[in-house]
Amino acid sequence: MPQAIAPSVAAAPSVSTAPGGGRAAPGSEFAPLLRKVKERGLLERRKGWYTRMIAGNLLALALVVTGLVLAGDTWWTLPLALPLAILSARTAYIGHDAGHAQIAVGRRANRTIGLLHGNLLLGMSYAWWNDKHNRHHANPNHIEKDPDVGVGALVWTAEQAAVRQGFARWVTRHQALLFFPMLLLEGIALKVNSVRDLWRQSPRERAVEGVLLAVHIAGYATLLLTCLPVGKAIAFALLHQALFGLHLGMAFAPNHKGMEMPDPAGERWGHLRRQVLTSRNVRGGPVTDWLLGGLNYQIEHHLFPNLPRPHLRLVQPLVREHCRGLGIPYAETGLLDSYRQGLGHMHTVGAAARPDATR
């Protein structure tokens, strides 16, 4: 859940690239769009909307927990892991919005909301996610600066794939097929990385985050072990975390995979092009908006990271029209096709690690 200091609309680069590829006047591409958005009041906070949404999410979580307690020692408890996973993703979206200062104006209020939803309710470090996600927002798809396209379990360029060795090379060969199964481990990976990151944090921050993470672990374990015997409790936890990781990963996966990747040695793009050309929107209606937490408006979110979630669909026509006027491609597709494009990119990259690539 990125912090309030994530790239703001006021921090856009001062020099942009003209539609034909040359230098444009300072701020000429993004400034007019920003002015229109401000004039329409779309950057104003929606405290009432967020209050209702947060309250509804907490109530839904309480109902699932109540169902878990009332069901007791039975395997029929396991289906409750699905709504709990969906609501856990909703909780993560709230922390995400708080980190971008979409909910409140003050940094302290947003941080409090983020800590409660991230560390306490999810067992996921707010500071760790902030640091990682802020770097992503500043330079999306930049191979040297965006941690989301760095070398990890998966790789994103042929150069990264070509140097893989051993088991990692085998994974790279098949990474398109393994992508969704690997997302089942993402919920646990988020917690492991959160604990590891505590040592990077300042002593004061570490104390707050560490205590909240410990309370989450203790509370989660107590709830499950009070309602279920050890075997069923472990089964429920594994299913919950697997579904949570899958859902969250499927919400983030369509956004940038297979989109433009800036050349580190090339000309630096201005804010508008850097965010639009590297991002992809997903078409849909209210259900898509709800399931993806507004991340389906990825272009608008990257251009205006502190724009309240309910305003993303309102600013979309302005952004699309502005890009059309500048001749800048505006990528938007359906959800299934977004996965097809992302998986296609991973398959193409993985070819560099296949045996025939060395011939």
Side-chain angles (χ1 to χ4, degrees), residues 1-2 78-93 95-96 117-119 121-133 136 146-156 160-161 164-198 200 209 213-214 216-217 220-221 223-224 228 230-258 291-293 295 335 338-339 342-343 345-347 349-350 353:
M1 285 129 313
L78 290 184
L80 290 174
L82 176 58
L84 186 59
I86 294 174
L87 292 172
S88 295
R90 301 289 302 169
T91 301
Y93 297 152
H96 169 272
H117 285 80
N119 293 57
L121 292 179
L122 294 178
M124 179 174 158
S125 171
Y126 180 72
W128 166 71
W129 179 266
N130 286 344
D131 176 71
K132 176 177 179 290
H133 198 66
H136 159 70
D146 183 356
D148 288 354
V149 292
V151 175
L154 305 173
V155 295
W156 309 105
Q160 292 174 334
R164 301 279 266 186
Q165 299 294 328
F167 180 68
R169 189 175 183 87
W170 181 88
V171 171
T172 298
R173 292 176 192 168
H174 307 285
Q175 62 179 10
L177 292 174
L178 295 173
F179 178 67
F180 287 114
M182 290 174 70
L183 287 181
L184 296 172
L185 302 174
E186 185 65 16
I188 296 175
L190 292 172
K191 291 173 171 56
V192 172
N193 287 325
S194 294
V195 173
R196 286 179 175 174
D197 189 68
L198 289 175
R200 178 194 62 82
E209 293 237 348
L213 288 176
H216 167 82
I217 294 171
Y220 188 71
L223 170 66
L224 295 185
L228 300 166
V230 175
K232 291 176 183 174
I234 292 175
F236 184 94
L238 290 176
L239 182 60
H240 171 219
Q241 296 305 319
L243 293 175
F244 168 58
L246 180 64
H247 181 22
L248 204 60
M250 291 180 70
F252 280 90
N255 302 337
H256 303 281
K257 307 312 180 205
L291 285 174
L292 301 186
L295 296 175
L335 183 61
S338 72
Y339 294 136
L343 293 173
H345 173 72
M346 284 187 275
H347 178 75
V349 168

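- Atom NE2 of His345 and atom NZ of Lys257 lie 8.0 Å apart (nearest 0.5 Å).
- We find the NE2-CG distance between His133 and Asp148 to be 7.5 Å, quoted to the nearest 0.5 Å.
- Within the 3.5 Å criterion, the main-chain N or O of Met124 finds no donor-acceptor partner in the side chain of Ser194.
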Given ring pair (Phe, Tyr, Trp, His ring centres under 6.0 Å), test His136 with Phe252 step by step and report yes or no. CA-CA 12 Å; His136 159 70; Phe252 280 90; 8.4 Å; no
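- Side-chain contact between His96 and Leu295 is present, with at least one heavy-atom pair separated by less than 4.5 Å.
- Residues His256 and Asp146 form no side-chain contact, since every pair of their non-hydrogen atoms from C-beta on lies 4.5 Å or further apart.
- Inter-residue side-chain proximity for Leu343 and Phe180 is flagged as met; some heavy-atom pair is nearer than 4.5 Å.
- Taking a 6.0 Å sphere around NE2 of His347, one finds it holds 12 or fewer heavy atoms contributed by other residues, nucleotides or ligands.
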| CA sep, side-chain torsions, deciding dist, call: Trp128, Leu198, side-chain contact (heavy atoms from CB on, under 4.5 Å) | CA-CA 8 Å; Trp128 166 71; Leu198 289 175; over 6 Å; no
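- Taking CG of Leu177 as the reference point, atom CE of Met182 lies at 12.0 Å (rounded to 0.5 Å).
- Once rounded to the nearest 0.5 Å, the distance linking CG of Leu80 with CG of Leu87 reads 11.0 Å.
- For the residue pair Val171 and Ala153, the shortest heavy atom distance occurs at CG1-O, 3.6 Å.
- Ring-plane geometry between Phe167 and Trp170 is classed as parallel, the angle between the planes falling under 30 degrees on a 0 to 90 degree scale with a further cut at 60.
- To the nearest 0.5 Å, the span separating CG on Leu335 from CG on Leu291 amounts to 9.0 Å.
- For Arg196, the CZ atom counts as loosely surrounded, since its 6.0 Å shell holds 12 or fewer non-hydrogen atoms of other residues, nucleotides or ligands.
- To the nearest 0.5 angstrom, Leu184 atom CG is 11.5 Å from Gln241 atom CD.
- Nearest heavy-atom pair, Thr172 versus Ala353, reported as atom, atom and distance to 0.1 Å: CG2-CB, 3.8 Å.
- Contact between Asp197 and Arg200 at its shortest, heavy atoms only, is OD1-NE, 2.6 Å.
- Here the shortest heavy-atom pairing between Met250 and Leu183 reads N-CD1, 4.0 Å.
- Across Arg169 and Arg164, no two heavy atoms sit closer than the pair NH1-O, 3.0 Å.
- Shown here for Lys191 and Leu122, the closest heavy-atom pair between the two residues is NZ-O, 3.0 Å.
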_Derivation and outcome, side-chain contact (heavy atoms from CB on, under 4.5 Å), residues His117 and Tyr93_ = CA-CA 9 Å; His117 285 80; Tyr93 297 152; over 6 Å; no
Tell me, with the steps shown, if Leu248 and Glu186 meet side-chain contact (heavy atoms from CB on, under 4.5 Å).
CA-CA 8 Å; Leu248 204 60; Glu186 185 65 16; 5.8 Å; no
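- Judged by distance alone, the side chain of Gln175 and the main-chain N or O of Met346 form a donor-acceptor pair under 3.5 Å.
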Checking side-chain contact (heavy atoms from CB on, under 4.5 Å) for the pair Leu243/His247: CA distance, chi angles, key distance, verdict?
CA-CA 6 Å; Leu243 293 175; His247 181 22; over 6 Å; no
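- Ring geometry for His216 against Tyr220 counts as parallel: the plane angle stays under 30°, on a 0 to 90° scale with 60° as the upper cut.
- For the side-chain contact (heavy atoms from CB on, under 4.5 Å) criterion with Phe244, the lone passing option out of Leu84, Thr91, Leu190, Ile86 is Leu190.
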